[in-house]
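In this chain, residues are counted from 1 in sequence order.
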Amino acid sequence: MSLWLLNHFSTFTLAVLTVGGTVALAVAGSVLLRRRYPSPAGGEHNDMVSGDLSVSPAPYREGALARYWQPAQR
């Protein structure tokens, strides 16, 4: 199947279909969940969660910096 797709569609078309399909699936899932559970938090805001979400990408960023931006060897 993948060989047929590669022979009949351009790389750009396959990339658009893959990314577009993933985004469409995520949006559809979000819409369906919002319809099923319209307001699970009851409008309340949790300050702990917002702090956790802002800090959680930091280890990944630091790991990427340490891996790719090492000092030049002499």
Does any N or O in the side chain of T13 come within less than 3.5 Å of the main-chain N or O of F9, such that one atom is a donor and the other an acceptor? no
Does L6 reach the side chain of L14, with side-chain heavy atoms less than 4.5 Å apart? yes
d(R36 CZ, L33 CG) to nearest 0.5 Å is 9.5 Å
Between T22 (side chain only) and T18 (backbone N and O only), is there a donor and an acceptor less than 3.5 Å apart? yes
